[in-house]
Structures are given as C-alpha cells and as structure tokens.
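Read through the structure below, which is laid out as structure tokens, and then see the notes.
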Amino acid sequence: MTTAELRVREVTLRFGGLYALDDVSFTVAPGALHALIGPNGAGKSSCFNVISGLYRASAGSVTFGEHELTAYRPNRRARLGVGRAFQNAALSPHSTVLDNVMLGRYALTRGGFLACGLRLPWTRREERRHAARAAEICDFLGIGAALHTPVGGLPYGAVKRVDIARALAVEPSLLLLDEPAAGMNAAETAELAGTIRDVRDELGISILLVEHDMGLVMDIADRVTVLDFGRVIADGTPAEVQADPEVVKAYLGTDNTESTEAG
Amino acid sequence: MSDTGTDARATTTAPPEPPQAPPRPTPRRGAQWWVRKALWLALFLVLLALPLYLEAQWLKAGQYMMVGAVGAIGLTLLTGQAGQLSLAHAFFLLAGATSYTVLSGPTGDPELVGFGLDPLLALLGAVAITAVLGLAFAPVAARLRGIYLGVASLALVFLGLYLGQSAESLTGGTSTGRPPATFELFGFPFSNDGDLEIAGVPIRETERVWYLFLALVVIAFLLARGAVRGRIGRAWRAVRDNEASAAVMGVNVPTVKAGVFAVSSAYAGLAGVMTVLWFDILKPDESEFGTYGINVSIAYLAMIIIGGLGSVPGALVGALLVNGLPQVLALYSTQLGWSTGTGEGAFTPILISSFVYGAAIILVVLFEPGGLAAIGRRIGQRLTFTRRGKE
Ligand SMILES: Nc1ncnc2c1ncn2[C@@H]1O[C@H](COP(=O)(O)OP(=O)(O)O)[C@@H](O)[C@H]1O
Ligand SMILES: [Mg+2]
C-alpha cells in the first residue's frame, strides 16, 4: 500500500506566553517508523494534537501528501487517513471491545438515526462487513478473544491494544501512537514493540511514535526527532541522535527542568 | 447528519476496502437470545390483550405510563447515551402538544389559530417541529457541558411557561385551554364513534387510544434500540465519553450533538402529542409546576436514572414507575377509600409517589448506578452463565 509524506513545517503553538511548540519542523517519510521523543512537557502530545486537529497551531503548516491538514476539521482528518491512539487510552469503558473498535469505522460507514433505527438491510449488511474487519484487526493485535468483553474489565496492556486497534480501524495511512508502552513491564513492552513493527511491515503505513522507553525507540525506529521545551533539538537516525550532546544534556537535565516546571 | 461528505480521501492514501473475507459468525444466537425474544413477544401480546380485561380507568393509567415511556426513551438517548444533561424536556413536551393542537385545530376560529390538518399529519408535523426546535438549541448545547448545559436548558421551561400563557391564540390560555382534535388514522376515529368489538368487548375511545399509544411506544422503542446498537449510537457514546477521541475517530462532534438533541426533542414532542390526547385538553400551566413544568423535566430525569442511564428498556421501566405510581395510587386510594384529602400538605398520591421515586433515585445512585437495567442484566447473566456485553 502507498502512503504519503507527513511534513510538519515551522509549527508554533502558544498557550498564553508558553511556547508548547516553537518553530517545529520535521518530516515523516512514507512507510517510516518515526519516533518523537523528549522529556516530559517537551510538547510531544501537543504536536500530536496539532497534527490531528485538536489544537490549532498559532503558526506553521502540516501537510499530508498534497493535503494541507490544518485546513481540515479533526473529524475530516480521519477520512484523509490519519489514525491516532491516545496517551490515556480514551475509550468507552462500558462498551465492548468490538463496539469501541467499530467507532474507528465511523468515517468509512454511513447512516444516521433513521437508517440505524430502522435497521435497513443495507445498514445491517454494512455493519456486518465492518464488524468482520474490526474483528480481524483485533485478532491481529491479539485481543480477538476479548471481542465481546467490556473494555473496563480488561487489564491495562489489553486496553492499550484496544486503543491501537481502534486507531487501525480507521484504515489509516499514518498512525500516531502516543506512549503506547507507558505503564507496561519489560515483557509487555517487548511484545508491543514486535506488534508495532508488524503493523508497519504488514500494512505498509507510516507510524509516528511518542515513547519514553528509549530501548523500544532505539530498537524499532528508523528515525528520531527530539523535542525539548517545544523546540527540535535533534533529528536523525537512532544512532546519530543518541550521540548528540544536546540530547544527552536534555535527558540528563530532565530532573531539573521537571521540578522547575512542576512549581 | 455528519455523513454527507462521501469521499475526501486522498488519492494517494486510498485505504484498502474492507476485505470481502467471509464474515465470521456474529455472536451466536444462543438460548438466551431466543428466551429474550420470547419474553418481549409475550409482553407485547399481554399488552395487546389488556384492553379486553381492564377497566377504562386502569387503561387510562397505563396510557399515562406509555406517554412517559416515549418521553423517557428520548431523554435517555440524549442524557444517557450522548451525555448531554437536559432539563428542557418539559418544554419540548409543551411544544409538541401545542403544535399538534394548532396544526389539527379547526380553521376559521376568530380567536384560535388552526390549520385543519389531518391528525396524522398534525402528529408528524408536531414531531418535526419539535425536532427543529431541538436543533435550534444546538448552538447552546455545543458550547456548554454538564451542569451548565442543564441549567441553560432549564431556561427553556420558563420560556415555555411564559409563551404558553401569553400566546393564547395558540394555546387557548391558562383559564380555558384548548381541546385537541380527536386523533384519526385514515378516517378511523380514536373516539367512541362507530361500533367496534373484539371478542364481545366494545372497543371505544379508551381502548382505541391504548392501541394507538402502544403502537407509538413500539415504534419509539425499536427505532431507539436500533440507533443505540448502530453507528449513530457509537458516535453518541464516543461524544459522551471523550469528545476529543470521538473527533479524531471521524465523528463530527457538534453535528452529532445537534442531531441527538433533535432526536430527543422529537421524542418529547411525540410524548407531548400523547399528553394532550390523554388529557383531551391543551392547558398551559399557571406556574412552573404543572403538566409542562420543572417537575415534569425532573420526573423524566428520574425515569432514566432509575431505569439506568442510556438503557432503552430501562427507560420503559422507569416510566412505568414514575408515571404509573401516582396513577395507580390514586386508583387504589379511591377504591380502598383512604381519604387522602386535598389542599396544602395533604398526602396526595402525587406527593407519596414523589417520595417513593425520590427514594428510588437515592437507592439507585448509592447502590447500583447502572439502574434497573444493570440489575436486569446481572440477573440475565446469572440465569444463563453466558456473558454478552453490550451497549
Ligand atoms: N491545553 C493546554 N493548555 C495550556 N497548556 C498546555 C495545554 N496542553 C499542553 N500544555 C502545555 O504544553 C506543554 C507541552 O505539553 P505536552 O505536549 O503534553 O508535553 P509531552 O506530551 O511532551 O509531555 C506543557 O508545558 C503543557 O503544560
Ligand atoms: Mg504527552
């Protein structure tokens, strides 16, 4: 499958006097597994929010293929092929896994109150077809057995996978993953790394990954962009970035910056 | 709705169509499914047969529960499924009641506006008008959340109180009110006119209206169930649980919110039409407590909380309790002869049932926030030992 290039160009995002993003530029090549890293509060989630349209950038542009994403409302970006899993898996806890994942099919299906309420034949056919695809995606992510279980009753690792499944159900050509391994133990993290690589290899889509676990990032990413205080301080292959003195400084200084920020 | 734009997908990023893979078996229709279907069918048959056995006053009480059922289903979609708190339900009831009376009212009356429409058209028109009024409230709903939305929507009830009193050419005013046109379906009147018998039982106005209301409840119920289980229901719950993630999944949040307000108001409008047919008079309230007052908005909230927020069958049971209890108590008190008295401070059936459902709400909130629906689900699971999470 072909996918497009994501270009973030000179994006600035201000909250009052705070620069959450300051003139940020980077490019995610088609089919790349691209990591976005940085200390807490560096602006990674904000960057995701600008790409998916939840925040409006104060300046700059985000293009995906030939589309200027900033011109689209967030719900239209799903249709353009941008899928996203959230840092705090934002799912409906009382609904089943299938029901949650089926939400990802929203932009690919049709039907409002009357069409659903009347259970018209075409609505039901469409529903069955898309439920089959959703189940397939869940199988791929190893949560196929929990299809009819409410998400609220699942262990944390499974919940994160449901969130990824829902993002994949959009049939994205660009997948945004915000700290998918947060809160997982080493074994779970290793398993997840394998899954992420499989997603990229089998679906051929680009993945932009925010992750704190450096082992995981250096292991699977093709390219890494490092943010600190809203600015890009390094961009390159994992090996290049690891050797970058600025990056080392930012990470060693993490403790100081965090404590000043918390105050 | 939000589904107009068919294809904005980039040509470069066309995703694979959902494969035509053999659809895997959807959850099996086990014994539980059949038992459930059979129970619903049995309930429906009982409701069909009741007019042959019950006296008119009990049928009247049952009709009032059905009015509540339609309204409560609408509110549970809005507040339970989509998470939009509304205290405006009574306003939309009044809007539906007035619209029906005006649309079907006789033309040529010097004091009262009437369009002389066929009653069925007037009913559909009333539902459409209240849906549009719900849409008109959408810009407010899009900006407010939770308790703020509830308070803002309450303003509509006061607007209704004022308009009901001042727009006498529509409502007939508080002193006399205005009779609605008898409902007719393709010329068949829902009155005592014409002879009709089933198994030796004359089917007169009360029985006919029972069947009319039963049909309306069934339609309202099936539409709501289908919607809740389908694509639009998923969008409602997504908006309720997390607007940001709903938007990222492709849901046009403002549109979906506006849509569910329209749907819910349409249900309230239909309940309003049923209210005015039940009372056989449109009479605007004199104070904020009455047929279309704050107390009614709160009663509808009570129904859906007791039934379990978001549950369509739960809304039915909630309506049964909240609208049924005062009716049934009133009938018993006259039959048993406990003179309850009237006037300030008297223990009227309405007062007693207010206490009862007040207590029911507290019990539900404390011990089973999922309401009767959750209790019912638990019993169902215990009986069958299968788990089928839904909704
Ligand atoms: N909605 C918001 N309003 C105000 N400040 C915000 C908002 N969102 C993020 N920020 C600020 O922007 C900075 C970057 O936050 P975030 O993007 O969440 O960082 P990260 O995901 O890298 O930990 C932080 O200082 C945070 O407090
Ligand atoms: Mg973050």
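Letters go in sequence order (proteins before strands), and every chain restarts at 1.
Taking the side chain as every heavy atom from C-beta outward, B/Pro254 and A/Arg73 approach each other to under 4.5 Å. Taking 4.5 Å as the limit, some side-chain heavy atom of A/Phe113 sits within range of a side-chain heavy atom of B/Leu77. You'll find the side chain of B/Val251 stays beyond 4.5 Å of the side chain of A/Asn75, heavy atoms only. A heavy-atom distance below 4.5 Å is not found between the side chains of B/Val248 and A/Val82. Taking the side chain as every heavy atom from C-beta outward, A/Asp99 and B/Arg237 approach each other to under 4.5 Å.
The distance from the CG atom of B/Asn242 to the CG atom of A/Asn88 is 7.0 Å, given to the nearest 0.5 Å. Atom CZ of A/Arg119 is separated from atom CG of B/Leu222 by 9.5 Å, given to the nearest 0.5 angstrom. Taken to the nearest 0.5 Å, the OG atom of A/Ser92 stands 14.0 Å off from the CH2 atom of B/Trp236. A distance of 15.0 Å separates SG of A/Cys116 from CZ of B/Arg225, quoted to the nearest 0.5 Å.
Looking at B/Ile219, there are no atoms closer than 4.5 Å to chain A (heavy atoms on both sides), in backbone or side chain. Contact annotation for A/Leu54: only side-chain heavy atoms (C-beta onward) come within less than 4.5 Å of a heavy atom of chain B.
With hydrogens and angles ignored, the 3.5 Å screen pairs a side-chain donor or acceptor of B/Ser245 with a backbone N or O of A/Ala90.
A cation-pi arrangement, defined by a distance under 6.0 Å to the six-membered ring centre and an angle within 45 degrees of its axis, is present between B/Arg231 and A/Tyr106.
Taking a 6.0 Å sphere around CH2 of B/Trp34, one finds it holds 12 or fewer heavy atoms contributed by other residues, nucleotides or ligands.
Partners of A/Arg9 by side-chain hydrogen bond (donor to acceptor under 3.5 Å, both in side chains), not counting sequence neighbours, listed by chain and number: A/Thr27.
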### Task
Take A/Leu118 and B/Leu223 through the test side-chain contact (heavy atoms from CB on, under 4.5 Å) and record every step on the way to the result.
CA-CA 6 Å; A/Leu118 293 170; B/Leu223 278 179; 3.7 Å; yes
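Annotation for A/Glu127 and B/Arg229: closest pair OE2-O, 3.8 Å, computed over non-hydrogen atoms.
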